[in-house]
Amino acid sequence: ASMTMDISNQNKLSEFYEELNRLNVKVVRPDINECFADFRTLDGKFYYALGGIKAVGYEAISNIIDERIANGNFLSINDFINRVKPKDINKLQLEGLVKAGAFDNINPNRQALFDSIPNIITKSKNIFENKSANQIDLFSEDENTQDNIINIIEDWKFEERLAKEFEAVGFFISDHPLNQFTEIFDDYKINEYAKFISEDVIKNSNIAATLLKLQERKTAKGNSYAVLKLTDLSSVFELFIFSDVLELNREILKEGNSLILNLVKNVTEDENRFKRINVQKISSLKELFNSPINEVCFEVSSKDQVQEISKILKENGKTLVNINLINDDNILQFKLKNSKNLDRKSLNLLRKEQISSTIN
């Protein structure tokens, strides 16, 4: 019940969602045919409240759900337009539902739907007026045609989809932007923020996080600093950076960008919240992910593995390649004469062959 009370408080909702994830409760994402206006638990599943989406009015969405419960699931966008009263679908409400992915199962192309919202609203009003005037709808067409939806548009790309979902829901519900980069977490020795904070032995660590919000402020003395609100795969947290780090990284400090931050703990007894954690360095995850690898060291235990490597690293390039051949207590170290062309894809192929590698 406490959830319904807090239905419009997105910060509370995101904390609550993290808690559900931790408890391994299956959350049913916003879906116009499955969810309700409020939060519900049925058969051990937790149904996300459509009324909890930004700009989605509780009363209007309740009317839409009543229609669905009375007359069955919405089979298409046209079916939806034909059955829902115009007063229950305004521009912002539809935008919120589309961004949250509530129509994904009827029409997976969120951008096409989003751009068709003005058509949908006009069409809905026409149908309603014709029904009221009891006229034959000259525009009526076969139920299954999707004439009101712009068809040719490509959908939003992964990051944009998630950014828009984040705007509507207040957190990432279908996926997390960091998931496209996890394969390089080991290379950069990434720790979760919660682990870095709670374990005293870790004084210095890299964490990977997506920037949710950046607020610039000034200290009493007039020095500028910024508060970064970030999310990694297990929590949402805030860090402070001073003006020099801010200026240096302005280009990459855009909301929705994924970053690697090098953090150092200050061990002094000072309770000043600025001093507790220092952000030493910030890098763009995307740039690191796409940049060529400078130097790599492979550990192999057989000739076959060496052949695997030579098969994949045919082309010369910019990567220095070291190979450590380990057998019977001996380590033979080789360095390839020519630099090779090694990208993430090749590295992953080799890792799948159980060939371990360290990036320098």
Side-chain angles (χ1 to χ4, degrees), residues 158-159 176-193 195-196 199-211 230 232-234 244-245 248-253 257-265 277-360:
F158 182 82
E159 279 179 4
H176 194 292
L178 290 179
N179 281 330
Q180 55 191 331
F181 304 116
T182 48
E183 64 197 51
I184 68 170
F185 280 13
D186 284 351
D187 300 336
Y188 293 98
K189 303 185 176 52
I190 299 293
N191 260 323
E192 288 193 333
Y193 178 76
K195 185 177 175 200
F196 169 71
E199 297 190 14
D200 289 341
V201 284
I202 312 176
K203 302 283 181 246
N204 170 334
S205 179
N206 284 337
I207 59 156
T210 302
L211 181 62
L230 298 146
D232 66 8
L233 290 170
S234 65
D244 50 346
V245 180
L248 202 62
N249 296 292
R250 250 186 214 289
E251 277 307 291
I252 57 172
L253 286 172
N257 271 5
S258 295
L259 311 163
I260 287 186
L261 301 100
N262 179 254
L263 306 184
V264 176
K265 267 187 205 141
I277 295 171
N278 261 330
V279 179
Q280 296 276 308
K281 188 173 175 231
I282 305 177
S283 326
S284 152
L285 248 171
K286 201 191 225 151
E287 281 167 28
L288 289 173
F289 192 80
N290 294 328
S291 65
I293 295 160
N294 293 329
E295 187 173 356
V296 69
C297 181
F298 292 110
E299 294 212 340
V300 295
S301 51
S302 68
K303 278 206 183 93
D304 290 349
Q305 288 186 320
V306 178
Q307 274 171 329
E308 273 304 317
I309 293 175
S310 65
K311 223 166 47 193
I312 284 180
L313 294 185
K314 281 206 271 292
E315 294 173 30
N316 288 346
K318 296 201 165 107
T319 312
L320 292 171
V321 180
N322 305 293
I323 297 176
N324 290 348
L325 178 60
I326 301 163
N327 62 358
D328 314 330
D329 307 333
N330 281 334
I331 297 184
L332 295 171
Q333 298 185 317
F334 302 98
K335 196 179 209 117
L336 296 191
K337 201 168 70 195
N338 296 329
S339 295
K340 295 292 180 189
N341 180 19
L342 175 67
D343 56 13
R344 298 276 159 212
K345 214 146 103 201
S346 324
L347 199 62
N348 282 343
L349 284 174
L350 289 166
R351 283 182 178 164
K352 285 202 177 79
E353 298 294 327
Q354 310 302 310
I355 297 173
S356 76
S357 55
T358 328
I359 291 179
N360 306 349

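All values derive from a computational prediction rather than experimental measurement. Note: hydrogens, waters and symmetry copies are ignored here, and every other heavy atom, side chains too, is used.
Using a 4.5 Å cut-off on side-chain heavy atoms (C-beta onward), Glu299 and Ile326 make contact. Taking 4.5 Å as the limit, some side-chain heavy atom of Ile184 sits within range of a side-chain heavy atom of Leu285. Within the 4.5 Å cutoff, side-chain heavy atoms of Leu342 are placed close to those of Leu313. Phe298 has its side chain within reach of Leu347: a pair of non-hydrogen atoms, C-beta onward, lies under 4.5 Å apart. At least one side-chain heavy atom of Ser301 sits under 4.5 Å from a side-chain heavy atom of Gln305. Contact of the Ile323 side chain with the Leu336 side chain is registered, since non-hydrogen atoms from C-beta on lie closer than 4.5 Å. The closest side-chain heavy-atom distance from Leu325 to Ile331 is not below 4.5 Å. Phe185 has its side chain out of reach of Ile260: every pair of non-hydrogen atoms, C-beta onward, lies at least 4.5 Å apart.
Annotation: the span from Leu261 atom CG to Tyr193 atom OH amounts to 10.5 Å, rounded to 0.5 Å. Interatomic distance, CZ of Phe196 versus CD1 of Ile190, reported as 12.0 Å (0.5 Å rounding). Note that the CG atom of Asn257 and the CD atom of Glu251 stand 10.0 Å from one another [nearest 0.5 Å]. The distance from the CG atom of Asn316 to the CG atom of Asn341 is 9.0 Å, given to the nearest 0.5 Å. Here the OG-CD1 distance, from Ser205 to Ile277, works out to 10.5 Å after rounding to the nearest 0.5 Å.
For the pair Asn249 (side chain) and Ile252 (backbone), a donor-acceptor distance under 3.5 Å is absent. The main-chain N or O of Gln280 is never found under 3.5 Å from a side-chain atom of Asn262 such that the two would form a donor-acceptor pair. Checked by atom type and distance alone, the side chain of Gln180 pairs as donor or acceptor with a backbone atom of Pro177 at under 3.5 Å.
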Can you check side-chain contact (heavy atoms from CB on, under 4.5 Å) on His176 and Thr210, steps first, answer last? CA-CA 9 Å; His176 194 292; Thr210 302; 3.5 Å; yes
Verify side-chain contact (heavy atoms from CB on, under 4.5 Å) between Asp232 and Leu178, making sure each step is shown before the conclusion. CA-CA 7 Å; Asp232 66 8; Leu178 290 179; 4.1 Å; yes
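For Val296 against Ser357, the heavy-atom pair with the smallest separation is CG2-CB, 4.0 Å.
Under the salt bridge (Lys or Arg N to Asp or Glu O under 4.0 Å) criterion, no residue pair touches residues 314-340, with sequence neighbours excluded.
For the side-chain contact (heavy atoms from CB on, under 4.5 Å) with Glu308, the qualifying choice from Ile355, Leu349, Val300 is Ile355, the only one to do so. Paired with Leu259 under the rule side-chain contact (heavy atoms from CB on, under 4.5 Å), one option of Leu253, Ile207, Val279 passes, and it is Leu253.
Evaluation of the salt bridge (charged side-chain N to carboxylate O under 4.0 Å, His left out) rule for Arg351 yields Asp187 as partners, not counting sequence neighbours. With sequence neighbours excluded, no residue satisfies side chain to side chain donor-acceptor pair (under 3.5 Å) with Gln307. Qualifying ring-ring contact (aromatic ring centres under 6.0 Å, His included) partners for Phe158, counting only residues two or more places apart in sequence or in other chains: none. Scored by the ring-ring contact (aromatic ring centres under 6.0 Å, His included) test, Phe181 finds Phe289 as partners (sequence neighbours excluded). Among residues two or more places apart in sequence or in another chain, the salt bridge (charged side-chain N to carboxylate O under 4.0 Å, His left out) test is passed with Lys195 by none.
Side chains of Asn206 and Asn191: no donor on one and acceptor on the other come within 3.5 Å. Of the N and O atoms on the side chains of Ser339 and Thr319, not one donor lies less than 3.5 Å from an acceptor on the other residue. Between the side chains of Thr182 and Asn179, no donor-acceptor pair of N or O atoms lies under 3.5 Å. Residues Glu295 and Asn322 have side chains that bring a donor and an acceptor to within less than 3.5 angstrom of each other.
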